[in-house]
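Notes for the one structure printed next.
We use all heavy atoms of the structure for the numbers below, so side chains are in, but hydrogens, waters and symmetry mates are not. Residue numbers count from 1 along this sequence. Remember, predicted model here, so these are calculated numbers, not experimental data.
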Amino acid sequence: MGLLRAAGVVYKPVEQLDLGPDSNEIYVEADIKAPRMGGLLAKIFAWILESRIFGALAFYILKRLNRVHKFISNATVEEPPMFVPLHPYVDLDEQEVIEIDSDASPAERVQQAMNCLPLTSENSLDAFKFSCLWRWTIADYSRAYRNGEITPLKIAERFIDAVHESSSRPLSIAFFINYDAEDILRQATESTLRYERGAPISALDGVPIAVKDEIDCSPYPTTGGTKWLHKVRPCTGDACCVARLRSCGAILVGKTNMHELGATPSGINPHYGPPRNPYDPSRISGGSSSGSAAVVCAGLCPAALGVDGGGSVRMPASLSGVVGFKPTFGRIPHSGVLPLNWTVGMVGVLAGTLEDAFIVYAAISGHLPSHEPTTLPPKIHFPLLNSTNPISNIKLAIYGEWFNDCNEEIRLCCSNAVQLLCERYNWKTVEVTIPELEVMRLAHYVTIGSECSTALSSHLENLGRSEFGWDARVVVDIYGAFNSNEYIKAQKLRYRHMQIHNKIFAKADVIVTPTTGMTAYSISKNALTTGELDYVNGGTIIRYQIAGNFLGLPAITVPVGYDKAGLPIGLQFIGKPWSEPTLMHLAFAMQALCITDYRKPKVFYDILGKK
């Protein structure tokens, strides 16, 4: 097909790029050429892609129409490749933080995190029933247990009843792929006995925490949302992050539903049902950590673990109205997580409040196992959220054309939130230009696709594709179409964009964006059996996510409002490497300004009672 070869872009040196507000760098909108497919159409498309006659032509057309050839395959990129987004540790001299002993145990780090939170009353649950925040937090659970007003065992019983009820609804929420009532009750009984002895392990003791089914957690298999992966890769024990939560006494309540192999942002799983959005069960909760977002949103757990390879923690958090936090690449151990996309996927936290995300982060962060790639171990700092001196002189970078590339309700809501934040704390916005964002999205897609295809290649040779859902089958077919030239070019672009973002961070402390370009969309009937491929809506949802994964940057989303249909809207802060404390300060400040307007979802389980 040499005669049809598309001309490639010649990228000029980063030093010649103008990143200021009056730059002549053009904002290139996503122009995704792919129809929405579900049902029979998804099956036909899979057959075409797998055809020896038509497959190669179809892949060529898809790459050309979607500008992969122009921006990646045939492009000239002078930068060296960067295969792993490792950042050398730099002490950022952040405001209002405390350094944590690197040898502290998870339980000790949880206590230190609790010491960083504003003081709360030690009164009974009755004192909180008129609170504007109707969600129960980790501190609420811990307080109720210590005061003897309820036990972890009673909470476990209510939790099991609520999960059973959720599956009996006309529209089953499908929170979990696996949960074991007997194991949950066993953990809860042990926790109850510790409280009776006056010896809880930490504030997380007895608190229900859910785990995305991409992370190993005994006694459950790790399916990755498939019907087959656990058969060829058995779970032999807890992932490092899960083991740390377990050592704090948390009750690990099961493996949450997810999009098969994390393939698209919808979160719809044809094998285990769609994890529906508690704000409107006819809509998606977002993916791929869809079950984790839904279970937190619905009040069953104050927090859950997810994995974020392309916004898969932050997107569902935003669409489901909760906090989603993805730390710097390398901050949280990845051992025991399915190795589907090892240079872009990172463990993250979904929680009802910033405080709860912080507490879980404190438990699971820390030194990495020695076999994982890292630079010198980074220091751990926690934000002093109880400080009476709010952080000052914060500069928020905004790229106007990118920020505004969302629906009007999101644009207005997020713009108002940023304005409110700046007025309240006297912070400043800095207008910048971040060029080649669409290029970065495509380079990320080539990277995550190539890595996933490589991870699955030996299994595909033995199993074929017959056990895949049709949507995941198409995605895996496309992933396998990328070649080594495209992968290397994508890594060169990774290095290039790291330099671009370093220049942006020389001007500002964080980059602020809407979290998604649209709110949750409706679940189509034909997606229930085949899954769906909706690259246009998917591209809109993922628009602001890529830098966090491709460049390994920390990022957090916090709810800031709702659209006219009552669906949540999130605002995202993207930070410098290792700047988790600053991000948490910003999210905490934003949450404080919005919390009185938070709305209870239609599907909500008050398992602690009285709120």
Go through it in stages, so that I can follow the logic: the residues are L171 and I173, the test is side chain to side chain contact (heavy atoms under 4.5 Å, CB included), and I'd like the CA-CA distance, side-chain angles, deciding distance and then a yes or no. CA-CA 6 Å; L171 293 178; I173 304 296; 5.8 Å; no
Could you please spell out the steps behind the side-chain hydrogen bond (donor to acceptor under 3.5 Å, both in side chains) verdict for T343 and E451? CA-CA 8 Å; T343 75; E451 291 178 0; 2.6 Å; yes
Step by step, would you call I251 with F159 a side chain to side chain contact (heavy atoms under 4.5 Å, CB included)? CA-CA 11 Å; I251 300 177; F159 173 88; over 6 Å; no
Run the side chain to side chain contact (heavy atoms under 4.5 Å, CB included) test on L229 and H459 for me, step by step, so that the C-alpha distance in whole Å, both residues' side-chain angles and the decisive distance to 0.1 Å come before the verdict. CA-CA 8 Å; L229 188 54; H459 305 313; 4.2 Å; yes
Check step by step if side chain to side chain contact (heavy atoms under 4.5 Å, CB included) holds for V242 and L305. CA-CA 9 Å; V242 171; L305 295 185; 4.2 Å; yes
E190 and R186: CA distance, side-chain angles, deciding distance, salt bridge (Lys or Arg N to Asp or Glu O under 4.0 Å) verdict: CA-CA 6 Å; E190 293 173 357; R186 177 191 59 78; 3.2 Å; yes
List the steps, then state whether salt bridge (Lys or Arg N to Asp or Glu O under 4.0 Å) holds for K326 with E580. CA-CA 9 Å; K326 187 209 78 64; E580 288 86 357; over 6 Å; no
Is there a side-chain hydrogen bond (donor to acceptor under 3.5 Å, both in side chains) between H585 and E96? Walk through the geometry before answering. CA-CA 9 Å; H585 270 300; E96 300 302 323; over 6 Å; no
Would S312 and S289 count as a side-chain hydrogen bond (donor to acceptor under 3.5 Å, both in side chains) if you check the C-alpha gap in whole Å, the side-chain angles of each, and the deciding distance to 0.1 Å? CA-CA 6 Å; S312 290; S289 304; 5.4 Å; no
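A donor-acceptor pair under 3.5 Å links the side-chain atoms of Y562 to the main chain of R599, judged by distance alone. A distance-only check finds no donor-acceptor pair linking the side chain of Q572 to the backbone of A555 [under 3.5 Å]. Between the side chain of S191 and the main chain of Q187, no donor-acceptor pair closer than 3.5 Å is present. With hydrogens and angles ignored, the 3.5 Å screen pairs a side-chain donor or acceptor of Y145 with a backbone N or O of G206. Judged purely by atom type and a 3.5 angstrom limit, R283 has no side-chain atom pairing as donor or acceptor with the backbone of N277. Although no hydrogens or angles enter the test, the distance criterion places no donor-acceptor pair under 3.5 Å between the side chain of S320 and the main chain of A293. Side-chain atoms of S579 do not come within 3.5 Å of backbone N or O of T582 as any donor-acceptor pair.
For the 3.5 Å distance criterion, the side chains of E355 and T137 fail to qualify, holding no donor opposite an acceptor. Side chains of T264 and H259: a donor-acceptor N/O pair is present below 3.5 angstrom, by distance only. Between the side chains of W578 and D91, no donor-acceptor pair of N or O atoms lies under 3.5 Å. In this structure, a donor-acceptor pair under 3.5 Å is absent between the side chains of E260 and T226. T353 and Q591 share no donor-acceptor pair across their side chains, judged by distance under 3.5 Å alone. Of the N and O atoms on the side chains of Q111 and N115, at least one donor lies less than 3.5 Å from an acceptor on the other residue. Side-chain N/O atoms of S102 and K379 include no donor and acceptor closer than 3.5 Å. Side chains of S142 and R146: a donor-acceptor N/O pair is present below 3.5 angstrom, by distance only. There is a side-chain donor-acceptor pair under 3.5 Å between N549 and R314. A side-chain N or O of S288 and one of K212 form a donor-acceptor pair less than 3.5 Å apart. Side chains of S290 and N257: a donor-acceptor N/O pair is absent below 3.5 angstrom, by distance only.
Note: I332 CD1 to R244 CZ = 9.0 Å, rounded to the nearest 0.5 Å. Rounded to the nearest 0.5 angstrom, L153 CG and T189 OG1 are separated by 4.5 Å. We find the CG-OH distance between N147 and Y195 to be 10.5 Å, quoted to the nearest 0.5 Å. Rounding to the nearest 0.5 Å gives a distance of 11.0 Å between CE of M315 and OG1 of T557. Remark: L384 CG to N389 CG distance equals 10.0 Å, nearest 0.5 Å. Here the CG-CZ distance, from L421 to F573, works out to 5.5 Å after rounding to the nearest 0.5 Å.
Side chains of F468 and L261 form a contact here, defined as non-hydrogen atoms less than 4.5 Å apart. At a threshold of 4.5 Å between non-hydrogen side-chain atoms, the residues I209 and V253 do not count as touching. In this structure, the side chains of D183 and Y220 come closer than 4.5 Å at one or more pairs of heavy atoms. Taking 4.5 Å as the limit, every side-chain heavy atom of V313 sits out of range of all side-chain heavy atoms of V307. Within the 4.5 Å cutoff, side-chain heavy atoms of P327 are placed close to those of Y361. Residues R331 and P554 are not in side-chain contact: their nearest non-hydrogen atoms beyond the backbone lie 4.5 Å or more apart. Using a 4.5 Å heavy-atom cutoff, the side chains of P559 and Y598 are in contact. D101 is not listed as a side-chain neighbour of R109, based on a closest heavy-atom distance of 4.5 Å or more.
Considering all non-hydrogen atoms of both residues, D140 and R143 come closest at OD1-NH1, 2.8 Å. In terms of heavy atoms, A520 sits closest to L319 at N-CD2, 3.6 Å. Nearest heavy atom pair, residue R135 against residue V296, reads NH1-O, 2.8 Å.
Ion pairing of K154 with E149 is absent here, as no side-chain N (NZ or NE/NH1/NH2) approaches a carboxylate O to less than 4.0 Å. Under a 4.0 Å N-O distance rule, the pair D216/K255 does not qualify as a salt bridge. Salt-bridge formation is not detected for the pair R158/D161: no Lys NZ or Arg NE/NH1/NH2 atom is positioned less than 4.0 Å from an Asp or Glu carboxylate oxygen.
Partners of E157 by salt bridge (charged side-chain N to carboxylate O under 4.0 Å, His left out), not counting sequence neighbours: none found. Annotation: salt bridge (charged side-chain N to carboxylate O under 4.0 Å, His left out) contacts of E532 (sequence neighbours excluded): R36.
Ring centroids of F358 and F325 are separated by 6.0 Å or more, keeping the two rings apart.
The environment of E99 atom CD is dense: over 12 non-hydrogen atoms of other residues, nucleotides or ligands sit within 6.0 angstrom.
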